[in-house]
Structures are given as C-alpha cells and as structure tokens.
Visitor: 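Quick one: structure below, then a few questions.
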There are 2 protein chains.
Amino acid sequence: MPRIVTIRTVAERAGCSIATVSRVINRSAPTSAAVDARVRAAVAELGFRPSEIGRALKTLRTRTLGVVIPSLTNPVFAASVAGMQSAARERQHTLLLTATDYEPGAEAELVETLVAQNVAGLILTVADAAENATLDLLDAEDIPYVLVHNEPPHPGRAAVCVDNAAATFALTETMIAAGHRRIAYLAGRFATSDRARRRHEGYRAAMEKAGLEPEVPLELDYLGDAPSHAEALAGLFRAGAPPTAALCSNDLLALSVVGALRTLGFRVPDDVSVAGFDGIALGGAVHPTLATVDTPTRLMGERAVALLFAMINEGAAPRVEHLPFTLRPGGTLAPTARADQPASQGDRITSSPP
Amino acid sequence: MPRIVTIRTVAERAGCSIATVSRVINRSAPTSAAVDARVRAAVAELGFRPSEIGRALKTLRTRTLGVVIPSLTNPVFAASVAGMQSAARERQHTLLLTATDYEPGAEAELVETLVAQNVAGLILTVADAAENATLDLLDAEDIPYVLVHNEPPHPGRAAVCVDNAAATFALTETMIAAGHRRIAYLAGRFATSDRARRRHEGYRAAMEKAGLEPEVPLELDYLGDAPSHAEALAGLFRAGAPPTAALCSNDLLALSVVGALRTLGFRVPDDVSVAGFDGIALGGAVHPTLATVDTPTRLMGERAVALLFAMINEGAAPRVEHLPFTLRPGGTLAPTARADQPASQGDRITSSPP
DNA sequence: CTGTTAGCGCGTTCAC
DNA sequence: GTGAACGCGCTAACAG
C-alpha cells in the first residue's frame, strides 16, 4: 500500500467532496455526524496523513522551526537543542537542524536554506549578535527569530541567555575570596564570540575591583589533544610567579585543562584550582567535580521556543530573557594555601531572578 | 521588502516566462546568455530564493532527511547527528530532527510526523530493530531508511553499526588477560535495547570461554545522581568476594561509576578497574583516562547518510554496514594485583576491516 | 532556445 | 451542511 493516499482518495471512499474531508480533519467548519463518521473511517482505513507540503503551500506556513547552532558536539548546544525539540514537539512542531561547525560564513548560508523551507521561525546561536548581516536580513524580511546563548546589545533582538558578565564576575569573586591572586583566564575556540567576550569582561571587572591584574586570555582549542594543551600551559604555569587558579571560558575546556595540568605534574586543586562555565552534566560526574557556573541550557532551549511562539502567534515583541545561573562549587576549586581569608565552600550563589 | 518574491516576480523583472526562470535556476535546460544574465540579475536584486515547498509539492520529494534518536543529551547520539548533518549539508539536504527521550511509543508518532513532511528518507536509532511495527510500516510503504547503532537481525534492513558483541567480547578478554576474574556488568538505562543486549552477549561469551561466571547485569540510570549510583554499587562491591572490575555498557555510565566508586572509597584503577563503551571524547580528557571501546560515532552518521542516498538515488539494496571499532586503553583499566599473567597495556586491538 | 499550460495536495472562498 | 472551483510556487511536458 504505497503512499498515493491523498485527500481525494479519502473523499471518494467517504463519498463526499475534498472540501468536506478538509473540514472534518481541521474542524474548520461544522459537519454532520454522519459524514463526519464516514470520513474518519476512511481516514483510518486508508492510513491517510494530510501532506504537510500541500498544507504549507496553501497557508505559506510550516510547522517547522529552523535551528542554527555552532556545533552539536558541545554538550551545551546539544542540551539546548534537546530542550527546543521537546518544547517544539509539545506544540506539534519539528526542528530543522543545522550547524555551522564554526565555519565563518556558514551562518548566512544556513539561514537562507532554512528560510527557503518556509520555517515558521528561527532559533539561532551566532558568533556575534552585535554586527550580523544575517540577523539584519531576518529583521528586514520580518522573519521571527530568537537567539540563544547570545546577548544582543542591540535591543529589539529576541534572546534567551544568562548574564555572562555577571556570572564570571561572581565566579571570579569566589576565586578571589578563596585566596587566589593570580588567576589565569583560558579561552576556548571561538574566542571572538560575543558571549566569550562578555565572560572575559566579567572576569576583568572582578579582578580590577579587587585591585588585581587581569590576565590576557590564553586561547586554546577545547577538547583538542591534551598533550598540546599541556604544552600551551607549560609556559604559563612553570613561570616565575605562576597562577594558582585558572578560569576557563567553558566546561569542555576546563575538563581538558584539568587533564593537561595533571599531565604537567600539577595536582588539582592542591597546586592549581580550575573553574569552568556552562554546567554540563559531566562536570558533576568526574572527580574531583568541576567548579563551574551552572547555566540552565536545556531550559534555555525550551524558553527560546516559547518566546518564538509568543512572537509568532501573539505578536509578542522581541525581548531579551535572562535566565538565572548558579555558582556550582566543585572539587577543582579550593582555597589557596596562602589564603588571606577562608572561603566558604558550601555556598551556592544564585543570580537574582530575571 | 517582505517575502512575496516568487518565481513570477522574477520573471516579470527579467522580462521572460517563469519556465525560463526555472530553467536558469536549476540548469535544467540550455538558456541564452542574455536571458540568463537578466534572470540572475533579477534574482540577485529581488533576493529571490526558490520555495522548497513549491518545489516539493511538484516533485513530491523534499531535500530533507528525517532523524529519530533516543536523546541528544547522550554525546554518542549527538556525535552521530553531527555526522549526519555534515554529510547531509554536502548534499544540499537538511535534517528534520526528532528525539523520543526514551519514551516508548514515541517512535511511531515521530516517524508519522516525519513521513507527513515527505522526507526523502529516514535515519533512526530505535529501541529494538528486531520487532518493530514502525519499521514494518516503513518497509510496507517503501520509504527508504537506515538504522544507526542498531544491529538488525532481520536482513534487508539497512543499518550502520559496529559489531557490539564482538567489541565487548574483545574488551572482556582484555580485562581477563589483565587478571580480572570477577567482572561486574553494569548496564545503563534502556537496557532492553538490542544493542545493550548484544553487548552483554559478547561479555558473557568471553567470560564463559575463559571458564568464568558471567554476572547478571546491574541496571543503573546513567548520569543519575552519583550518590544513588554509590548506593546501588555499595552492595556489590562491599560483598564478600567483590568484583575487581566493572564493564559498563556505555561511557556516560562508566564515568559516573568511576565517581560513585570513589565516593565509596575505592581507588580506580587500584581497587577496581572500570571500562566503558562508545569512545566519547570526554573519556580521553578525564584523569585517569577511560578505557573503552572506541566507536566511530560521527562517521556512523556520515555513512548512514551516504547509504541512504545510495538507496534513494541509485536504488542500492539495503545492507548492513559494520564499521571498525578500537579498544582504547585507558588509565581506569589496570592489571589486578593477583594477575595470572601481565597484560600488555599498550595494545590497541582493532576489529577486522568491515 | 523560449513560452504556455497542467497539475502536485491542500485550504478556502463562494454558491447552493 | 455541502460541493465546485481556484490558487498557493514550482517543475515538466509540450508547442513553437
């Protein structure tokens, strides 16, 4: 029984017109109980499924959301996509998923592809939300979209994110309170992204507030070879006055850095403390557990879908939704031996509600 | 400039018919250089993008691949989807992504949704490829699909996978060669999946071949709370003759188990060795590194797309493609103190080429 | 080489 | 309450 079952087949079987079948299926107009039953029976017998294509062509709207992310390999993005998928499914929508693989220029191409598919809206994480021709295009064509993870400076751009600067500020203050004075800042790939910048800003602000010297970010490829990280870190940590702690711009990088430091013979956290950013699940499964900023990545995906639907269906204005983050204490972050004041390890500092 | 730009708009602007515009865009028939240039100019000026919907309605084929996986949260599936996405993009296709979240019954619903969108084909990882009404339906309707990670016993079902049984067999033999005699088998969620079964079979076969007693699988929810894992493991490892090693049915579980064992006061690998399955990237980033079966997850996604396209475009027959696996030595797996024979740690045993 | 035309599957006016 | 007819954007078959 191949798939040549169209609305016409059903109409013939039910002995009525295609218009009536359409009415029954979509409950778009009242129908008599008799014909209603016949149509439903025919639908069931034939295994008819209305073609989304025919429907889309007519209404010029699909039940599809386009997604653009840098990479699925990073659990942060995988988690937010999981949230999007679940939220979209609740609303009878599916996800058209694309990834740039950090390739510059891919954003524009992917968005065009998705727009050509008449997606109902877009959810994207871009390198830089501030100056982005692709987003300008979407604005111009009036196609609804929501950013995730990005913090657009340009108001009027919808986004769901955490306050990256505030988060690293809080995290850095915690490290300072634990007695650390020289805190290295290690940035992962894509260091030019707007969120990476915001994170470094928070770090710098906290350091300066404490009268300490902020470090220039050291750029590393996260989850590259641990040996190469070891090499890159050797110079920094075997110098005269080495850092006692490292703040990493994301969790994948942090886990990798922990490994590299150990390869170099340093104990974590005894010799060097390490903290990450994101709150990926695995950070809690390794030993010692990773100190990090816990961000609600899955929820971010869900909220992004909710916001997008509000914009599409209710004409809601684009807005930036800040989600709360949590400082998650972990075994990789300990007070220095020469701590000026003991740090309270158990504290969970939470951002103010959005 | 809203999006009311259709092929007709372009035709008017270029001063030709819509058929000619179509020909220029798709290079489906020769056109004169003059009209060609005019059309391209019009396309560029108007920012025209042919609607995939109109095209799909006509050809009854979309440039879209439907994907069904259990969850995006597991890096194994995230990696294979990343491979699919990249391979699909090379072929000008996009992915319609759905996830069951391990909810029984979701498979059927998601497949119906995807079929209603006229996907060109499907790529799926199902709980059980052996008895599966959804796959029977696809067979009946002659919709091309490829399984990933599943090992269908039913020949005629296309799949890309590793030989799970052979892999755990080899891994178990390595552990036995390292002197382990009591090797626990810890299974993650979804223990009823066909691949989980095959993995346990390989373990059991190796144990029996060595004249050892295979353990009944202990089922744990992977990446659940580490404390709860600790509880679940306490009974087993604090018994009279505790296992000296644990074989975990996947890497996420293995990393979690390492944490739980440490919580219980065991040293890994000094007191208990641990091995996983999958070869997720993070296994190499933690310390000690995770001993595991390295499976080419990303490649599996790429190959699945390639196979699907061969079936769609060249009418290739469905076939099962076995990809090679590698035993990856890791710090979590060490010889027992009472080893009968020293194990050669450096060996990398590779499966025979497919 | 190019234009005209007929649908693809569906929702939606209009009449009745 | 129901049916006939049109058109959404596009490709393909057929004329010219």
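So that the names make sense, note that chain A is the first sequence line, chain B the second, and so on, each numbered from 1.
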Visitor: What is the separation between atom CZ on B:R49 and atom C1' on D:dG9, rounded to the nearest whole Å?
Guide: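 Atom CZ in B:R49 sits about 15 Å away from atom C1' in D:dG9.
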Visitor: Tell me: CZ of B:R8 to P of D:dC10, nearest whole Å?
Guide: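 Rounding to the nearest Å, CZ of B:R8 and P of D:dC10 are 8 Å apart.
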Visitor: Which heavy-atom pair separates B:Q85 from A:L97 by the least distance, and what is that distance?
Guide: OE1-O, 3.2 Å
Visitor: Considering only side-chain heavy atoms of B:F48, which listed nucleotide, D:dA13, C:dG11, D:dC10, is closest?
Guide: D:dC10
Visitor: A:P30 has a side chain; which of D:dG1, C:dT2, D:dG3 sits nearest to it?
Guide: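 Nearest listed nucleotide: D:dG1.
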Visitor: Which atom names give the shortest non-hydrogen contact between A:A56 and A:T62, and what distance separates them?
Guide: CB-CG2, 3.7 Å
Visitor: Do you know the tightest heavy-atom contact between A:C161 and A:N150?
Guide: CB-O, 3.4 Å
Visitor: What is the distance from CZ of A:R23 to P of C:dG11, rounded to the nearest Å?
Guide: 12 Å
Visitor: Whole angstrom is fine here: how far is it from CG in A:L57 over to P in D:dG9?
Guide: 7 Å
Visitor: From C:dT2, C:dG3, D:dT11, pick the nucleotide closest to the side chain of B:V35?
Guide: C:dT2
Visitor: Judged by atom type as modelled, is there a donor-acceptor pair below 3.5 Å linking the side chain of A:R38 to the main-chain atoms of A:A14?
Guide: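 Indeed, once roles are kept as given, a pair shorter than 3.5 Å links the two residues.
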Visitor: Whole-Å distance between D:dC10 C1' and A:Q117 CD?
Guide: 14 Å
Visitor: Name the residue closer to the 5' end of DNA chain C, choosing between B:A33 and A:S22 according to the nucleotide with the nearest heavy atom.
Guide: B:A33
Visitor: Scan B:L60 against the nucleic acid and name what it touches under 4.0 Å (heavy atoms): base, sugar-phosphate only, or nothing.
Guide: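 Sugar-phosphate, no base atom in range.
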Visitor: Between D:dT11, C:dC10, C:dG3, spot the one nearest the side chain of B:I18, thanks.
Guide: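 Between D:dT11, C:dC10, C:dG3, the one nearest the side chain of B:I18 would be D:dT11.
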Visitor: Return the value, rounded to whole Å, for the distance between atom CZ of A:R61 and atom P of C:dG9.
Guide: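 Between P of C:dG9 and CZ of A:R61: 23 Å.
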Visitor: Name the one of A:V148, A:I69, A:V67 that satisfies side chain to side chain contact (heavy atoms under 4.5 Å, CB included) with A:F77?
Guide: A:I69
Visitor: Just compare C:dT2, C:dC10, D:dG9 and give me whichever is closest to any side-chain atom of B:S51.
Guide: D:dG9
Visitor: When the distance from CD of A:E52 to P of C:dG11 is rounded to whole Å, what number comes out?
Guide: 9 Å
Visitor: Look at the side-chain N and O atoms of B:S28 and state whether any lies under 4.0 Å from the OP1 or OP2 oxygen of D:dA12.
Guide: no
Visitor: Check every atom of C:dG11, D:dC8, D:dT11 against the side chain of A:I7 and return the nucleotide holding the closest atom.
Guide: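 Closest of the options to the side chain of A:I7: C:dG11.
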Visitor: Tell me which nucleotide among C:dG9, C:dG11, D:dA12 gets nearest to the side chain of B:K58.
Guide: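 Selected nucleotide (nearest to the side chain): D:dA12.
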Visitor: Of all the choices, C:dG11, C:dT2, D:dG9, which nucleotide is nearest to the side chain of A:T59 once you look at every atom?
Guide: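 My answer, after comparing the listed nucleotides, is C:dG11.
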Visitor: Tell me whether the OP1 or OP2 atom of D:dG3 has a side-chain N or O from A:S17 closer than 4.0 Å.
Guide: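 So the side chain of A:S17 is within the cut-off, an N or O lying under 4.0 Å from OP1 or OP2 of D:dG3.
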Visitor: What is the distance, to the nearest angstrom, from the CD atom on A:E12 to the C1' atom on C:dG9?
Guide: 14 Å
Visitor: Measure the shortest side-chain to side-chain distance between B:R298 and B:S80 over non-hydrogen atoms and say whether it is less than 4.5 angstrom.
Guide: no
Visitor: Contact class for B:S32 (heavy atom, under 4.0 Å): base, sugar-phosphate, or nothing?
Guide: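 Answer is sugar-phosphate: B:S32 comes under 4.0 Å of backbone atoms only.
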Visitor: Select from B:T31 and A:G54 the residue whose nearest nucleotide in DNA chain C is closer to the 5' end of that strand.
Guide: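 Between the two, 5'-proximity favours B:T31.
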